[in-house]
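Presented below is the structure to which this report refers.
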Amino acid sequence: GESVGLHLPTLSVQEGDNSIINCAYSNSASDYFIWYKQESGKGPQFIIDIRSNMDKRQGQRVTVLLNKTVKHLSLQIAATQPGDSAVYFCAENNNAGGTSYGKLTFGQGTILTVHP
Amino acid sequence: EPEVTQTPSHQVTQMGQEVILRCVPISNHLYFYWYRQILGQKVEFLVSFYNNEISEKSEIFDDQFSVERPDGSNFTLKIRSTKLEDSAMYFCAIRIAGGTDTQYFGPGTRLTVL
């Protein structure tokens, strides 16, 4: 069945360091992946996404890497700032055969704490 | 990024009562979604809504739940007879017509069932 999980539940870094948040997924048919940031009391905020036909995608200070061989997804945040402190969720969607209308399956989340 | 608002921000209700949660997207859109997040847990899919009908739903979305878009703008989630375990954050999400598969989430409604 579909499941998305995270290796590390918490990550603590110093301001200015690079952060790497990891995610493992079990459904090899997953074809679309998203990273969300969730601050306390708020809804998930879109960070970056990637399709299964790509290995890497870059945004502003963020990079998502996809390794389909080992079914692993990571989010890299460059020059982490205190404002990056939040819970980060990976989510996946499997639309193979057109049977999914965008249902996202979320991982448990990683708490990122950035110390000034 | 499209704006999604939800009302109310916090709803307190007695067990067995009906609640209606509202989502107001501010843009053209194609798909609507409801998710919930029990405190400290991951976000869980409830239902997707396309072309004025349910397109997919999870096991959580039983007969006590319903969705509709009554006026072509607001998208509502109704829980007919709330249970204690319905206490959670409920998030609406939208996907833009003609856009990518990205889903944008609203700020959520915190439902507390007493």
Side-chain angles (χ1 to χ4, degrees), chain A residues 1-6 9-10 21 23-27 30-54 57 59-60 62 64 86-111, chain B residues 1-7 9-10 21 23-25 29-61 67 88-97 99-110 112:
Chain A
E2 296 178 337
S3 68
V4 181
L6 292 168
T10 62
I21 301 171
C23 178
Y25 63 95
S26 59
N27 188 350
S30 296
D31 57 3
Y32 178 64
F33 304 87
I34 309 178
W35 281 100
Y36 286 96
K37 172 186 180 183
Q38 187 177 29
E39 296 174 288
S40 181
K42 297 184 179 180
Q45 178 186 356
F46 170 78
I47 300 174
I48 192 168
D49 58 2
I50 189 169
R51 293 209 164 275
S52 58
N53 60 353
M54 301 173 68
R57 190 159 187 232
Q60 187 176 15
V62 294
V64 55
V87 179
Y88 288 81
F89 292 95
C90 63
E92 59 93 8
N93 173 245
N94 170 16
N95 196 31
T99 59
S100 170
Y101 293 87
K103 165 191 170 183
L104 291 177
T105 300
F106 280 77
Q108 291 291 343
T110 292
I111 300 172
Chain B
E1 184 169 319
E3 182 179 348
V4 182
T5 61
Q6 291 185 240
T7 60
S9 57
H10 190 189
L21 311 181
C23 172
V24 185
H29 35 260
L30 186 61
Y31 291 97
F32 299 83
Y33 307 85
W34 283 103
Y35 293 82
R36 80 171 186 188
Q37 184 179 31
I38 295 171
L39 184 64
Q41 297 187 23
K42 63 182 179 180
V43 177
E44 300 174 289
F45 169 79
L46 292 178
V47 65
S48 60
F49 188 82
Y50 166 69
N51 201 25
N52 290 319
E53 62 182 20
I54 291 174
S55 50
E56 191 173 5
K57 60 184 180 180
S58 71
E59 295 176 350
I60 303 169
F61 195 89
V67 291
M89 285 290 292
Y90 288 81
F91 295 107
C92 170
I94 63 167
R95 205 171 94 188
I96 300 174
T100 67
D101 291 338
T102 306
Q103 293 182 28
Y104 297 96
F105 284 73
T109 292
R110 178 173 298 282
T112 302

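Quantities reported herein were computed from a predicted structural model and do not represent experimental measurements. The chains referred to below are lettered A, B, ... by the order of the sequence lines, with proteins before strands, and numbering in each begins at 1.
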**Prompt:** At what distance, to the nearest 0.5 angstrom, does NZ of A:Lys103 lie from CD of B:Glu44?
**Reply:**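 If I round to the nearest 0.5 Å, the distance is 10.5 Å.
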**Prompt:** Considering only heavy atoms, which portion of B:Tyr35 lies under 4.5 Å from any heavy atom of chain A: side chain, backbone, both, or neither?
**Reply:**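 For B:Tyr35, the contact with chain A is made by the side chain alone.
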Q.
If I measure from the heavy atoms of chain A, does B:Gln37 come under 4.5 Å with its side chain, its backbone, both, or neither?
A.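 For B:Gln37, the side chain is the part near chain A, not the backbone.
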Point to revise | Top contributor to chain A interface from B:Tyr104, B:Phe49, B:Phe91 [non-hydrogen pairs under 4.5 Å] | key: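 Of the candidates given, the most pairs with chain A belong to B:Phe91.
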- request: Applying side-chain contact (heavy atoms from CB on, under 4.5 Å), name anything that partners A:Arg51, two or more places apart in sequence or on another chain.
  value: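 Per chain and number, A:Arg51 pairs via side-chain contact (heavy atoms from CB on, under 4.5 Å) with A:Tyr32, A:Asn53, B:Asp101.
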Item to check | Option that, when pairs with chain B are counted at under 4.5 Å, heavy atom only, ranks first among A:Leu104, A:Ile34, A:Val87 | outcome: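 Option with the top pair count is A:Leu104.
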Problem - Minimal non-hydrogen separation, A:Phe106 against B:Val43, with atom names - result: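 Minimum heavy-atom contact is CB-O, 3.4 Å.
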- Query: Among pairs that include at least one residue of residues 41-50 of chain A, which meet salt bridge (Lys or Arg N to Asp or Glu O under 4.0 Å), considering only residues two or more places apart or in two chains?
  - Reply: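 Listed once each, the pairs are A:Glu39-A:Lys42, A:Asp49-A:Arg57.
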